[in-house]
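All of these numbers come straight from a predicted model, not from anything done at the bench. Naming: A, B, ... by sequence-line order, numbering from 1 per chain.
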There are 2 protein chains.
Amino acid sequence: MHDNLTERSKQILEAIIEDYIVTAEPVGSRMVTRRHGLNLSPATVRNVMADLEEMGFLASPHTSAGRVPTDKAYRLYVDSLLGVRRVAREEREEIRRHCSLTGKDIGEVLKETSRMLSSVSHYMGIVAAPRFAANVLRHLEFVKLGGQRILVILVSQSGSVQNKIIETTDNFSTEDLVRMSNYLNELLAGLTIAQVRNRLLEEMENAKTKYDSLLSKALQLSQQSLPDKDSEVFIEGRSNILDLPEFADAGRMKEIFRAFEEKGQLVGLLDQCLGAQGINIFIGAESRLSQMAGLSVITSTYMTSRNTLGVLGVIGPTRMGYAKVIPIVDYTAKMVSRLLEIE
Amino acid sequence: MHDNLTERSKQILEAIIEDYIVTAEPVGSRMVTRRHGLNLSPATVRNVMADLEEMGFLASPHTSAGRVPTDKAYRLYVDSLLGVRRVAREEREEIRRHCSLTGKDIGEVLKETSRMLSSVSHYMGIVAAPRFAANVLRHLEFVKLGGQRILVILVSQSGSVQNKIIETTDNFSTEDLVRMSNYLNELLAGLTIAQVRNRLLEEMENAKTKYDSLLSKALQLSQQSLPDKDSEVFIEGRSNILDLPEFADAGRMKEIFRAFEEKGQLVGLLDQCLGAQGINIFIGAESRLSQMAGLSVITSTYMTSRNTLGVLGVIGPTRMGYAKVIPIVDYTAKMVSRLLEIE
DNA sequence: ATTAGCACTCATCATTTCCGAGTGCTAACA
DNA sequence: TGTTAGCACTCGGAAATGATGAGTGCTAAT
C-alpha cells in the first residue's frame, strides 16, 4: 500500500485507533488533541482526518459523529504502528499454570486451552485439534462390545484417541479380535492415518487370495473405522463478547451466535492459518467470511519439532487489543507446543 | 391443588394458554371468544379471567394488556388439560433416521442426538452422557506415548471411552504395560468404575508386601487414571431460541447464554431427572434455578434393560409446545435406549 | 502550514400527544 | 342467577416535537 503518510498523520491515526479500541465510540478531532500530547489544534487534526478518510483509513458513521478506523487502518496498525508488548507477568503465569497434561486427555487439554485463552484475553478462545489424518498411528485396538458391536480405538502419535463403534454381521470372539489387532498393529505401525488408508486398500487386494478370511475381515473392519470427518474446533468464552458494546443490539448478537454454532465455516479459515506457520491475523472482511464482519482473528500454529499440529488463537472485535493479545497467542502456542512435544 | 375449576374455566384457560403458546402476546378476552368456538361474550370471559387471575393461573403484565399464563397454569395444563399427541410421521422418521451407531463414538452419537432434538423441536436439545463412574468397566489399556507419558484407555460396558495421559517417573517398556493391563483387566473385570476405585485401594494395601513392584505400580497408575469429573452434557441448537420474541432483548439474551456456557448448574437439575424414571417436566421457576426463569425443561431417561444410563430432553420457553415436544422427547428416549441396548 | 471562528448537521434524549386494546364495573336482560 | 351490553378509565407504545451538544467543513486571519 502507498505509504505516503507523514509521520504526523501516522501518529494521529494511531491515536485514533487506540482511543477507539478502549472507548468503542467514534473519536472526534478534539479527543485526539486532548488525550495525546500532540501540540495541534482540533482544526488541524480535522484536516488530517479528512485526508485519512479520503485514503480509506477512517470512516464516519454519520456527518456529525467522530471517525472510526477501517479494517485497512487496523491492518496498517498491526503491521507497522503497533509496538508489541511482552506478555504481562500474571498472564504468563496463568498460561503456564494451565499447561499440564496429567490426568486429562488431549481433547480436554485443548478445550481448556481455549477456555484459558478466552479468560486471559477477555475475548473468545479458539483451538483447532490436530488433524487426525495427518498423524502417525501409534496403536490400534478392537474391543468387543455386546451383540455384534465392536469398538475400534485408534491412538495417534500425539496421544489423541479416536474411537468408533462398528456393527458387524460376523460374530468375532475376543481372541479373534486380539489376533486381528496384533496383525494390524504390525502391518500399520509408523504410518500416518492417511497412509494407513492406502495401505489397507492395497492389502485388501492381496488378502482376497492370500490370507485367511479372518485377517481379510480385519482389514475391512479397520477400513470402516478410519475417521472421515476429522476437524474438531473448540470455541470457548462466547459470553465474553456479549458485553462488547458493538454487539449490544440483539440482531447483531444473533448473527454471531448463529455463525459460531456451525463451526464448519471457521475450519476453512483455520486451515489457511495451518499452512502459514506462526502468527496470523485476519481483520474483519479480510477473512472473506460475511459472518466475520466486525471480528478479527489472531492465530498461531502449535507444533512438535517434527510437524505442525494445529492452530490456536483468539477471536475478538476488530477493535481488539492487538498489542496485548498478539503476544498472548504467541506465547500460548509456544507453551502448548512444548507441552505436546513427545520426547 | 384445589381443583374447583368449572369445566368452562378450564376450557378458557386452555384456550388462553394455547393462544399464548403460538402468539407470545398477552391474550385478551376478545381473542378468546373469537379463536375458540365458545358461545360467550367477551364480558363473560372477562369475569372468568378475573377469577383465574385471582386463583393464580393468570397474570396481567399491566392494566390494559391481555393476560399471560403463569407457571402454575402451565403445570395444570401439562398435568390434566393437554391432550398428548402422537409423534408426527415426519418427526418420527427424522428421529429414526438419526439413530445409528456405526462409524461413530458414543460421544458423537449423543451430541448428534442433542442436535436432532433441537432441530425437531425447534428449541434446544440437551443430552447428559451416562455417568462414567456408574458404568461397568469392560476393558483397560495402557499405551506408551513418547517420553515418560502413558495413555490410559478405559472402555465401559456401554461403549463409552475415556482416556487420560499420565506422566510417570518410571520408564515402562511396552511389555511392562501389556503385563500391567492384563493383570488389571483380570482383576477389575465386571466391576463398576466406582467399585474399581475401592478395589484398587484394597489391592494397593496388599501389593505393598505381596506383589512385585511392577504390579504395584500398575495399581498406582490406574488409580490416577480414574475419571474424576465425569459429567458431560451436550446442549445444541442454542440459536433456535434467539428468534423467540421473549428473548429479543439483548439483556435477556445475555443471561441465557451465560447460563448455558457454564453447564455445571444444569447438571444438578438433570441428576434429579435421572432419579425419576420416564418423562420429567420442570416449568419455569420450578427448577429453583434463577437462570431458568422463563424456561421449561422436558426430559426423559434413556436406559438399557439393566440400568438407566442418562437423561435427554428439550429446553425451551415456558410457553413451549408441550403437546408436541413431550411425545418427541419420549420417543427419542426410547429410540436411544434401544440403540444403546447391548444384546 | 496552522488555527480561530462560525454556520451547519444530525444522533440522542426527554417530553408530549395520540391511539387503541383491554379492563372493571354497573345496569339491563333472559 | 348467570350472561351480556355499555361505558368510563388505564396504560403501554408509536409518532411527533424540540432542545442539546458533539462534531464537521469551510473561510479567513495569523
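Rounded to whole angstrom, the span from the CZ atom of A:R46 across to the P atom of D:dG23 amounts to 10 Å. Going from atom CG of B:D249 over to atom C1' of D:dG12 covers 16 Å, rounded to whole Å. With rounding to whole Å, A:Y20 atom OH is found 14 Å from D:dG23 atom P. The interatomic distance linking B:H62 (NE2) with C:dA21 (P) rounds to 13 Å, in whole Å. Nucleotide D:dG23 holds its C1' atom 13 Å from the CD atom of A:E25, rounded to whole Å. If you take CG of A:L52 and P of D:dG25, they are 12 Å apart, rounded to a whole angstrom. The CG atom of A:N47 sits 9 Å away from the C1' atom of C:dT2 (whole-angstrom rounding). Whole-Å rounding puts the B:R67 CZ to D:dG12 C1' distance at 16 Å.
Looking at A:D51 and A:R46, no side-chain N of the basic residue comes within less than 4.0 Å of a carboxylate O on the acidic one, giving no salt bridge. Taking a cutoff of 4.0 Å between a charged side-chain nitrogen and a carboxylate oxygen, A:D71 and A:R75 do not qualify as a salt bridge. Here B:D249 does not pair with B:K254 in a salt bridge; the nearest charged N to carboxylate O distance is not below 4.0 Å. A salt bridge between A:R252 and A:E246 is absent, with no side-chain N of the basic residue lying under 4.0 Å from a carboxylate O of the acidic one.
Of all nucleotides listed (C:dT23, C:dT3, D:dG25), D:dG25 comes nearest to the side chain of A:E53.
Judged by closest nucleotide on DNA chain C, A:A43 is the one of B:G66 and A:A43 placed further toward the 5' end. Projected onto DNA chain D by closest heavy-atom contact, B:P61 and B:L40 fall at different nucleotides, the more 5' of which corresponds to B:L40.
In this model, no donor atom of one side chain and acceptor atom of the other lie less than 3.5 Å apart for A:E236 and A:S119.
A heavy-atom distance below 4.0 Å to DNA chain D is reached by these residues of residues 26-34 of chain A, ordered by number: A:G28, A:S29.
Neither OP1 nor OP2 of D:dT24 sits under 4.0 Å from any side-chain N or O of A:T63. Phosphate proximity of D:dG23 to A:S64: absent, as no side-chain N or O sits under 4.0 Å from OP1 or OP2.
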Donor-acceptor list for residues 288-298 of chain A side chains, cut-off 3.5 Å, not counting sequence neighbours:
from: A:S296; atom 1: OG; to: A:Y322; atom 2: OH; distance (Å): 2.8

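Environment of CG in B:D79: crowded, with over 12 heavy atoms of neighbouring residues, nucleotides or ligands closer than 6.0 Å.
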